[in-house]
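The next block holds one structure in the form of structure tokens; read it before the comments.
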Amino acid sequence: MPELPEVETVVRGLAQRVSGDVIESVWIGRKPEPLKSPAHEIALALEGANIERVERAGKHIILQLNRRTVDGEAQWIVHLGMTGQLLIVPPGSNIAKHTHLIARLRSGRELRFIDPRRFGRLAVRTVRAGEKAHEWVGGHEPLEITPEQFVALFRKRKTPIKSALLNQKLLRGVGNIYADESLFRAGIRPRHRAASLTPAELKALRRHLQTILKQAIAAGGSSISDFVDVGGESGYFQFRHRVYGREGEPCVKCKSRIKRLVIAGRSAHYCPKCQK
DNA sequence: ACTATTTCCTGGATGC
DNA sequence: TGCATCCAGGAAATAG
């Protein structure tokens, strides 16, 4: 499932391969569409637009278009949800099941959005004049937040730290995998109330979270479920998960059996001995 | 203002 | 082999 490192992997692939390209035409699938904007609005905004650059904000992919309206510049926003994929393919490639959008590019390639489970979302929006970059997304970027900001963000939250990490209004981009993995490395139990962690513990958590996100980006993300980059290649950070998806298996540090519990409807994996 | 729960969706795994 | 059931989870909607 695409979280910050997986989305970053896709964004880097897009930035490298479609920056400066022009969207010549767009095909959008029928029926219940995974769209936040109406299909005709998306087609209108995309067709003929030059992709100036591609950026990430949390789990959102932002394709900045050269198209200007009275209100500002147009952006194409893609959220991959659980199973969404953006692929760059040669023209005329087989159309995979659950393909919802095909953008034909001037370079001859096609950019396709595929999403079996339809949790992904497509939208176009206009950047308001004077708007700070990506502020509409809300939350702090985990790789940019300072230790002081991180402490301030969680100090008053009564919710379990695991839930707080997943709250995109606080931090943007952390999902179930990296929440569990960072808590393991920081030695903190997922049920631990955020407010009862000391500033030192929170700072350590931030440090481990940043380290793990950077390592995962370097590994091209975690390919559990069906994540692939724009070229269809898998990442390999899943081989370095220490708790996520390892219920019942021995802890890599102490050999205790990894436990799983459900917090706010999400599974949380942890080592009962290494995490307090 | 917060926090917790429910809902959306399909493929893969499981059980009989 | 086939069919029913359960499970995965990001984020919006709803409830408390």
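None of these values were measured; they are calculated from a predicted model. Any value given below was found using the heavy atoms of this structure, including those in side chains, with hydrogens, waters and symmetry copies removed. Here is the naming used below: chain letters follow the sequence lines, and residue numbers restart at 1 for every chain.
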A:Arg125 and its salt bridge (Lys or Arg N to Asp or Glu O under 4.0 Å) partner, picked from A:Glu131, A:Glu73, A:Glu41: A:Glu131
Flag for [Y]-[X]: side-chain donor and acceptor within less than 3.5 Å:
| X | Y | value |
| --- | --- | --- |
| A:Thr159 | A:Arg157 | no |
| A:Glu6 | A:Thr9 | no |
| A:His134 | A:Glu55 | yes |
| A:Asp180 | A:His269 | yes |

Protein-nucleotide distance ([X], atom [atom1]; [N], atom [atom2]), rounded to Å:
| X | N | atom1 | atom2 | result |
| --- | --- | --- | --- | --- |
| A:Asp115 | C:dA11 | CG | P | 13 Å |
| A:Trp136 | C:dA12 | CH2 | P | 10 Å |
| A:Asn176 | C:dA11 | CG | P | 12 Å |
| A:Ile177 | C:dG9 | CD1 | P | 8 Å |
| A:Leu166 | C:dA12 | CG | P | 14 Å |
| A:Leu170 | C:dA11 | CG | C1' | 14 Å |
| A:Leu122 | C:dA11 | CG | P | 15 Å |
| A:His269 | C:dC7 | NE2 | P | 13 Å |

Under 3.5 Å donor-acceptor pair, A:Arg121 side-chain atoms to C:dG10 base atoms: no
Sugar-phosphate only, base, or nothing, as touched by A:Arg193 at under 4.0 Å among non-hydrogen atoms: sugar-phosphate
Close approaches to DNA chain B from residues 235-249 of chain A, in residue order (heavy atom, under 4.0 Å): none
Interface residues of residues 142-159 of chain A with DNA chain B (non-hydrogen, below 4.0 angstrom): A:Arg157, A:Lys158, A:Thr159
Heavy-atom side-chain proximity of A:Phe113 to A:Gln85 below 4.5 angstrom: no
Aro-ring/base stack A:Phe119-C:dG10, d under 5.5 Å, angle under 30°: yes
Phosphate oxygens OP1/OP2 of [N]: is one of them under 4.0 Å from a side-chain N or O of [X]?
| X | N | answer |
| --- | --- | --- |
| A:His60 | C:dG10 | no |
| A:His79 | C:dA11 | yes |
| A:Arg118 | B:dG11 | no |
| A:Ser267 | C:dG9 | yes |

Of A:Ser163 and A:Pro116, the one whose closest DNA chain B nucleotide lies more 5': A:Ser163
A:Ile263 or A:Lys97, whichever maps to the more 5' nucleotide of DNA chain B: A:Ile263
Which nucleotide in C:dG10, C:dA12, B:dT10 has an atom nearest any side-chain atom of A:Arg117: B:dT10
Over 12 non-hydrogen atoms of neighbours within 6.0 angstrom of NZ in A:Lys276: yes
Geometric cation-pi criterion A:Lys253 and A:Phe184, 6.0 Å radius, 45° cone: yes
Aromatic ring proximity, centroids under 6.0 angstrom, A:Trp136 and A:His60: yes
Sole candidate of A:Leu14, A:Val10, A:Val11 that passes side-chain contact (heavy atoms from CB on, under 4.5 Å) when paired with A:Arg56: A:Val11
